[in-house]
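Heads up: the structure comes next, in structure tokens.
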Amino acid sequence: MKKFIVLTLFISSLLGSAVEIEKGIYKTILKALFPTKKVIKVWSDDPSKKDLFESIPGIKVVNEKKIADILMLFNTLNVQRNSNQMIFANGYLILQRNKGVVVGGFYWQKGRPNLIFIKNRLEKVGIVLPTNLQKYIEDIK
Amino acid sequence: MRILSLFYIIFIATLLAFIAFLYISIEEFEKKIIKNIQNVILTNTSYFADNIISTIKKEVGNKNLYEALKNNPQLRSKLESKIQMVVTTSFRYIYMLYRDKNGRYRYLLDGSLSDKGFFDSKLDVNVKEWDKVYVTKKTNVFFQSGIDNLWITTLKPYIVNDEIQGVLAIDFSTQLLDNFSKILNPIKEMFLYIFLAIIFLFSIVLYQIVIHLKTKKEIIIDPLTRTYNRIFLRDKIEKLDVYDYDLAMLDLDHFKKINDTFGHKAGDLILENFAMLVKRNLRDKDFIIRFGGEEFLILLYKGKNKNINSKKILERIKKAVEEYDFIYEGKTLKITVSIGLVKDLYKYANIKEAIKIADKRLYDAKYSGRNIIIDYDISYDALPKNNQIDIEKVKLAIDNNRVICHFQPIVNLDTKKVIKYEALVRIIDENGNLIYPNSFLDSIEGTNIYRDMTKKLLEIVLNKIRTKNVSISINLNLSDLIDNSIYKILYDELSQNKIYAKFLTIELLEYEKALNKQLLSKRIDEIKSFGVKIALDDFGSGYSNFSIFEVFPIDIIKIDGSLIKNIDVSNTSYGIVEAIVKLAINLKMDIIGEFIHNEVVFSRLKELKLKYGQGYYLGKPLETI
């Protein structure tokens, strides 16, 4: 019983810390992409991420793609672009397959968090990233 | 108890140290094992890394690795397949990155089975550690923390023509470490639980000791004054080296008056503040003990230092008490303290004897006008006589109601009828033996116990008068009437038993020094105003002084037994008795002859027209009337 409690607490703390890291990264990404917006409307294809985004101040999760400022993709491998909405990949494969569409991607690889912003997509939407994020810009054709 | 506690503490501390040692040993053992595992891993990793780099070099030759792989996906696939053969659950990720012109690390090859990266795509790594390889051109090994299940990462440079074209990374997982921990953790946990159990046990023992000490302290502390009590004194006496201390007995002057006037709360306040004042003037090694109601005992430490002046300390206390304003309900009350001091305790058989002397000196301080310290050199008379029982036993007898009176009849020699009784005090010891006054009166004379004994005697006698409706005489010293406290007891008892006072006769011992004749005369008049008769005891012996009849209103003369007992054989005794009888008749006083022990004596006294007498011939002292 004690072991179970200790294990549960340990896992909870690990998950808790992973969630906090992820939350911090998404906060940085979204504030960098929308520096002037007071409320950023986010749509996600993964309902389980709703709580994560809603816990970030200044972020509002919307159910309709049309009204969203950015689409966060976790599960959609092949993205079809219908509007000028910003799209962000949250998986390595999603990013690799949709380099021409997404503005960037965030994913975990080999236990390490990886962040990429795609240069020409940023230029297209006229976003200039803050200095601390410049090193994550990739010139991918 | 203290030794047992010490034993427990040492035992548990040893046990704790032993368990801690075992626990630390296991920790050390674990560290050593891990170190060995690391060495094995690093040896294997180095071997794998050398083989992989050798394999790549075989395929690529001296060509630029990036260029060779960029243009040849088949080669990439072939090399990655070869690398994959080495990948296990422990050697989790094996991949090769290169550093681009922007300092970012990108994939050349990735033999990993999962989380596989594409050629030339970026991987965010620990740049600091990876850059070290480019700087040193040597293998770099570092430990991961906070990265999913990774433990050790080995980075080996791929060098061609002294140029680093890539870095081979082998990530070793924590799986082996986890398996090892799974084996060791139960043992460590077991020791931890034992350790915690002992800590718990230790805490309980400590708690018990603290409770014990606290309770022990509470038992020996007087709750009102927070000074020690008599239990402490009793326990301390056994352990105390009396030679290291001077001893003082303190008593608040007129304390009863404060209690009677302002109530017990005021009395309590004074006691509290008095104790505080005394403590403020004492040193760490001194002790203050509440000995009785308003009586305190102080043990003043001097050790081997003969220069310590205990009297100075007591002077300081006396002055502090005298100058202190005791504020009770807005009223300022003043009080003083009388002190009896005993130094050089080695002169006494034990501390109890010293306490008795201090008590006597305190009594003398009271007698001499209060608010003073008496510390005069001990005289032989002040020491207890050999046949005297312990003063504590007398006090105990009073406290435990073991004081009784025997009553000897005083008879009309003409009618042989009993006209009154003389009360003779006795105490019963713990074993039920009767103790006569010659075994304790000298011992308690001049102490507060004597005062308590007088009070007890009066209570017994007045109660007997009340219940038996008879006249009874008691013996007092003339000095008892000078003593304020004894006189007050007498006066109070008579005031409360006015209707029975006329049945009481006080026999005064005439050889006592009358220090203040004016006061004595006044007080005898006051006593007589209740109807009490005054007899002059043992007249004709000692320092008989006829002038006493001019000063004090005497009703009865009691001729000393030493004259009476020889009246049948000594003409001198006969002549003296005859003269005393004539004196009494002339002064219109009643006269009683003591020690009538046979018929001849009885007959001779009758010839002399002696009216009353007492003695074994007429009646022995008995407990009942």
Side-chain angles (χ1 to χ4, degrees), chain A residues 1-7 9-11 13-22 24-26 28-29 77 89-100 102-119 121-122 129 131-141, chain B residues 87 91-97 99-107 109-130 142-153 155 169-175 178 181-182 185-186 188-190 192-193 196:
Chain A
M1 184 64 189
K2 189 177 172 270
K3 272 189 173 176
F4 174 74
I5 293 167
V6 171
L7 196 67
L9 286 172
F10 179 67
I11 292 167
S13 67
L14 278 182
L15 289 175
S17 65
V19 167
E20 282 305 308
I21 292 168
E22 212 170 326
I25 290 169
Y26 280 121
T28 310
I29 294 166
L77 280 176
N90 296 286
Y92 184 61
L93 279 178
I94 301 169
L95 176 73
Q96 291 299 325
R97 289 191 187 181
N98 304 286
K99 287 173 190 168
V102 298
V103 72
F106 170 68
Y107 52 90
W108 292 84
Q109 196 172 54
K110 296 185 172 61
R112 299 158 173 95
N114 276 262
L115 180 61
I116 284 175
F117 291 103
I118 296 169
K119 192 178 177 185
R121 295 298 307 158
L122 286 175
L129 290 177
T131 322
N132 63 326
L133 293 180
Q134 294 279 334
K135 60 184 173 187
Y136 298 109
I137 299 172
E138 289 278 286
D139 190 7
I140 300 170
K141 306 288 181 200
Chain B
V87 172
F91 291 96
R92 199 166 170 190
Y93 304 121
I94 304 178
Y95 50 99
M96 185 175 268
L97 307 181
R99 189 169 71 176
D100 71 6
K101 58 182 187 231
N102 296 318
R104 291 169 199 168
Y105 285 88
R106 295 177 182 282
Y107 282 104
L109 295 165
D110 190 355
S112 310
L113 295 168
S114 60
D115 261 355
K116 194 172 163 65
F118 294 109
F119 178 78
D120 218 15
S121 68
K122 185 191 74 159
L123 179 69
D124 290 335
V125 292
N126 185 341
V127 176
K128 200 177 151 192
E129 296 292 343
W130 283 70
F142 65 98
F143 294 87
Q144 305 281 3
S145 63
I147 290 185
D148 182 34
N149 289 326
L150 294 186
W151 180 22
I152 306 168
T153 295
L155 303 177
I170 300 176
D171 285 336
F172 194 83
S173 78
T174 55
Q175 196 188 34
D178 292 343
S181 294
K182 270 179 199 166
N185 277 352
K188 281 168 71 181
E189 273 176 18
M190 185 184 75
L192 188 68
Y193 290 143
L196 290 175

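Convention: sequence-line order gives letters A, B, ...; per-chain numbering from 1.
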For the atom pair [atom1] ([X]) and [atom2] ([Y]), what is the distance rounded to the nearest 0.5 Å?
X       : Y       : atom1 : atom2 : answer
Q134(A) : N102(B) : CD    : CG    : 11.5 Å
S112(B) : Q109(A) : OG    : CD    : 8.5 Å
K122(B) : I137(A) : NZ    : CD1   : 10.0 Å

**Report entry** side-chain contact (heavy atoms from CB on, under 4.5 Å) evaluation trace for D124(B) with Y136(A)
**Finding:** CA-CA 9 Å; D124(B) 290 335; Y136(A) 298 109; 3.7 Å; yes
Query - Region of L95(A) in contact with chain B, defined by heavy-atom distances below 4.5 Å - result: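 For L95(A), no heavy atom lies under 4.5 Å from chain B.
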Requested in this report: Measure Q96(A) against the heavy atoms of chain B and call it side chain, backbone, both or neither at under 4.5 Å.
Outcome: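 Just the side chain, heavy atoms under 4.5 Å.
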Query raised in the report: Would you find more than 12 non-hydrogen atoms of other residues, nucleotides or ligands less than 6.0 Å from K116(B) atom NZ?
Result: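 Yes - once you tally the heavy atoms of other residues, nucleotides and ligands closer than 6.0 Å, there are more than 12.
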Requested in this report: Measure D120(B) against the heavy atoms of chain A and call it side chain, backbone, both or neither at under 4.5 Å.
Outcome: neither
Query raised in the report: Within the distance-only criterion (no hydrogens, no angle test), does the side chain of K110(A) pair as donor or acceptor with the backbone N or O of I94(B) below 3.5 angstrom?
Result: no
**Report entry** For the student: nearest non-hydrogen atoms of Y92(A) and F118(B), plus distance
**Finding:**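 That closest heavy-atom pairing would be OH-N, 2.6 Å.
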Query raised in the report: Testing N126(B), D115(B), D171(B) for side chain to side chain contact (heavy atoms under 4.5 Å, CB included) with R112(A), which one passes?
Result: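 Testing each of N126(B), D115(B), D171(B) against R112(A), the sole residue satisfying side chain to side chain contact (heavy atoms under 4.5 Å, CB included) is D171(B).
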